[in-house]
Amino acid sequence: MENGGDSMKHPILRKMILAGMVMVLLTGCGEKKVDYEMETEQETKGVVGTLDEFREADNWDDSFTVTTSDGDVKVRINASIDVPEADAMSVVAAEELKIDVDYKKKFLKAYFKDSEIYYHDFEHLTKEELQTAVDSMDGTIVTVQSQIDDLENNAHHQDVERHKEMLNDWKEETEEQKKQYEKALETAKDTYTAAEDYDSCNEYAGYCGDLLCNVRFEVKETNENAIAYIVASPLVKNKTDIYVNQYYGPQSLKDYDAVYGNDTVTAYIDNSEKENGCSISQEDAKQLVEQFLKETGRDNQVLYGQQDYSWDGANEIEVDGEQYTDYAEVIDWGYLFGYGTGVNGLAFSDSLDYNDFDISWVTPENSDVNFELEDEIRFAVTDNGITEVFMQYPVSVTKISKEVELLPLSTIQNIIKDEIIKNGDDYQLDECKNFNKLKLGYARIKDDQKEGCYSYVPAWCLYMASGNDMNWHPVFVNAMDGTLIHPLDER
């Protein structure tokens with residue numbers, strides 16, 4: 001993702017902390033040494049913080065005045081201290097995982113097992129798939145045109161012209177895509193072509209049990225051949241753009257007009273025994289996933305989420321001439337698992353609640369920018385085994401330095417307080433002034449010498465937890481050397 005506005009282009013401030021000597025030499029994937037060293041003018045006693053001491057610490061209670069461009073603001077800190085359930089913290093060197101023929105074969109074998117594997121890129125789609133796509137585009141064009149007509153008949157609608165422009169663009173894009181598919185129909189085959197060359201093609205089809213499924217490999221625009229996504233799922237509507245006529249879902253919901261699976265994995269491990277329509281137990285499903293991770297060289301992953309797979313059966317109904325979707329029945333069928341790269345039982349992506357931060361205020365012209373650590377793999381297991389896999393921005397661990405030393409909590413608090421006082425405008429203090437959470441986890445620092453290489457370091461984050469699953473205005477500090485970390489600069 002782009003970093004957005006220049007407002008986040010802070011330099012990485014290297015503070016020399018008056019604390020004890022803490023040094024970690026970590027040779028990363030780029031043979032770059034990350035040297036965390038601080039000068040000392042104090043006695044050794046008390047200059048290193050421990051996880052037990054952090055857990056026993058009282059809430060951070062403080063208040064002070066910050067001068068911003070809008071005037072003086074009273075800042076209140078009443079923050080609980082949140083420490084992970086780990087025996088120690090580590091520094092982990094990693095590099096972006098690259099795609100090659102061997103990895104493709106490894107992944108496809110783990111997913112499709114003994115099934116024949118076929119090309120499934122645009123050039124190899126069957127006549128049935130292309131025709132289904134054309135029919136779907138016809139429906140889209142009709143729907144969009146209807147919306148355009150409605151806008152033209154509703155002159156009082158806000159931003160009519162802007163909405164019409166967006167809809168017309170969508171219609172034109174769909175019409176152009178339809179022409180491409182119609183042209184491909186002229187030479188398309190009725191059957192799939194067996195895959196022989198795994199170098200030039202990045203999309204494949206095969207069977208998981210009796211389900212026809214698809215695997216798509218995507219690489220990043222930067223750092224050639226680094227994996228952006230690997231997506232595997234059955235070829236069904238609402239899961240893939242190209243789909244065939246087959247059913248995927250609980251048999252008890254098959255007669256509904258539509259069936260939807262809620263495939264969101266939350267950061268919560270649910271081990272409770274509940275009624276589940278899947279023929280595979282939760283424990284056996286987890287073993288299937290862990291075997292998949294082992295076969296694809298990803299067995300260093302940490303489980304962060306585990307839930308039942310919830311499905312909705314819905315009917316389309318008409319009320320007073322209007323169409324509605326009636327969600328009539330919900331059942332659990334299958335299981336969902338979420339994994340991320342991590343250490344000491346803690347997934348980096350989940351360690352500092354990155355997904356829950358709203359930073360739209362810091363990049364108003366690009367409000368969808370976020371800075372979560374996106375390295376994760378999600379799985380769905382149903383009667384057919386592993387049926388869905390979503391892997392994004394995977395990294396490969398190259399070295400781990402265990403049990404690193406951390407600065408005392410008081411030192412971290414002084415650094416954070418000093419940062420807020422000096423750079424109050426960066427934290428929009430005219431809107432929110434109360435910080436209530438100080439959490440220890442991991443932040444990522446990129447290697448400036450070699451693209452795609454990173455170090456995951458212990459880090460503290462002070463932020464405003466709003467209570468509605470959205471957090472605000474985080475201050476990130478390296479827990480080892482007191483360096484301020486700006487995550488958007490580390491992507």
Side-chain angles (χ1 to χ4, degrees), residues 1-9 69-70 122 132-183 216 218 220-222 228-229 231 237-243 257-258 260 262-264 312 314 316-327 354-372 374 390 392-393 425-428 430-432 466 468-473 487-489 491:
M1 294 183 184
E2 298 297 328
N3 283 358
D6 291 336
S7 58
M8 289 300 292
K9 294 291 186 180
S69 57
D70 294 323
F122 181 74
T132 300
V134 168
D135 294 342
S136 176
M137 291 175 202
D138 281 336
T140 299
I141 292 168
V142 170
T143 300
V144 174
Q145 184 59 56
S146 176
Q147 294 177 11
I148 294 172
D149 294 341
D150 289 343
L151 283 174
E152 290 177 344
N153 295 328
N154 184 8
H156 300 292
H157 190 282
Q158 288 185 339
D159 298 327
V160 169
E161 292 305 317
R162 185 173 66 86
H163 280 88
K164 282 175 61 178
E165 182 180 356
M166 293 171 57
L167 290 169
N168 276 310
D169 288 345
W170 184 11
K171 180 186 174 184
E172 290 174 7
E173 290 172 4
T174 305
E175 289 172 336
E176 185 60 35
Q177 188 178 30
K178 178 187 171 185
K179 291 178 183 178
Q180 297 174 10
Y181 278 64
E182 287 175 331
K183 184 173 179 59
R216 185 178 78 252
E218 292 188 18
K220 295 182 65 175
E221 294 181 2
T222 58
Y229 302 98
V231 184
K237 192 175 182 179
N238 299 321
K239 291 293 182 183
T240 54
D241 293 332
I242 299 297
Y243 52 88
D257 293 339
Y260 303 96
N262 178 15
D263 57 8
T264 302
D312 293 276
E316 299 300 322
I317 61 174
E318 184 175 318
V319 179
D320 297 330
E322 298 286 338
Q323 289 292 125
Y324 294 92
T325 300
D326 177 28
Y327 293 92
Y354 288 97
N355 293 339
D356 297 332
F357 283 117
D358 181 343
I359 60 165
S360 58
W361 55 273
V362 87
T363 53
E365 72 283 359
N366 190 6
S367 61
D368 61 347
V369 168
N370 50 36
F371 51 64
E372 70 263 26
E374 297 172 308
F390 178 78
Q392 65 174 354
Y393 301 109
D425 284 337
D426 289 346
Y427 301 99
Q428 205 92 344
D430 57 321
E431 295 181 8
C432 299
S466 64
N468 62 352
D469 296 327
M470 190 58 68
N471 303 321
W472 300 80
H473 315 304
L488 286 181
D489 294 340
R491 298 183 66 79

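Take Tyr181 and apply the ring pair (Phe, Tyr, Trp, His ring centres under 6.0 Å) test, not counting sequence neighbours, and it matches Phe122. Not a single side-chain hydrogen bond (donor to acceptor under 3.5 Å, both in side chains) links Gln177 to another residue, sequence neighbours left out. The side-chain hydrogen bond (donor to acceptor under 3.5 Å, both in side chains) check on Asp326 picks up nothing, with sequence neighbours excluded. Every residue was checked against the side chain to side chain contact (heavy atoms under 4.5 Å, CB included) condition with Glu173, not counting sequence neighbours, and none meets it. For Asp257, the side chain to side chain contact (heavy atoms under 4.5 Å, CB included) partners two or more places apart in sequence, or in a different chain, are Asn315, Glu316. The side-chain hydrogen bond (donor to acceptor under 3.5 Å, both in side chains) search around Asn168 returns none, not counting sequence neighbours.
The environment of Glu221 atom CD is sparse: at most 12 non-hydrogen atoms of other residues, nucleotides or ligands sit within 6.0 angstrom.
From Gln147, atom CD reaches atom NZ of Lys171 across 12.0 Å, with rounding to the nearest 0.5 Å. Atom CZ in Arg216 sits 7.5 Å away from atom CG in Asp241 (nearest 0.5 Å). The distance from atom CD of Glu175 to atom CG of Asp138, rounded to the nearest 0.5 Å, is 10.0 Å. Here NZ of Lys237 is found 13.0 Å from CD1 of Ile242. Values are rounded to the nearest 0.5 Å. Rounding to the nearest 0.5 Å gives a distance of 11.0 Å between CD1 of Ile148 and OG1 of Thr143.
The closest side-chain heavy-atom distance from Glu218 to Val231 is not below 4.5 Å. Residues Ser146 and Val142 fail the side-chain proximity criterion, which asks for heavy atoms closer than 4.5 Å.
A pairwise comparison of heavy atoms in Asp425 and Ser69 identifies OD1-N, 3.0 Å as the closest pair. For Tyr243 against Thr240, the heavy-atom pair with the smallest separation is CD2-O, 3.6 Å.
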Inset, instruction - Show your reasoning for whether side-chain contact (heavy atoms from CB on, under 4.5 Å) applies to Lys178 and Thr140. - result: CA-CA 11 Å; Lys178 178 187 171 185; Thr140 299; over 6 Å; no
Inset, instruction - Would you sort out whether Leu167 and Leu151 count as a side-chain contact (heavy atoms from CB on, under 4.5 Å), showing the intermediate values? - result: CA-CA 10 Å; Leu167 290 169; Leu151 283 174; 3.6 Å; yes
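Thr174 contributes a side-chain N or O that, together with a main-chain N or O of Trp170, makes up a donor-acceptor pair within less than 3.5 Å.
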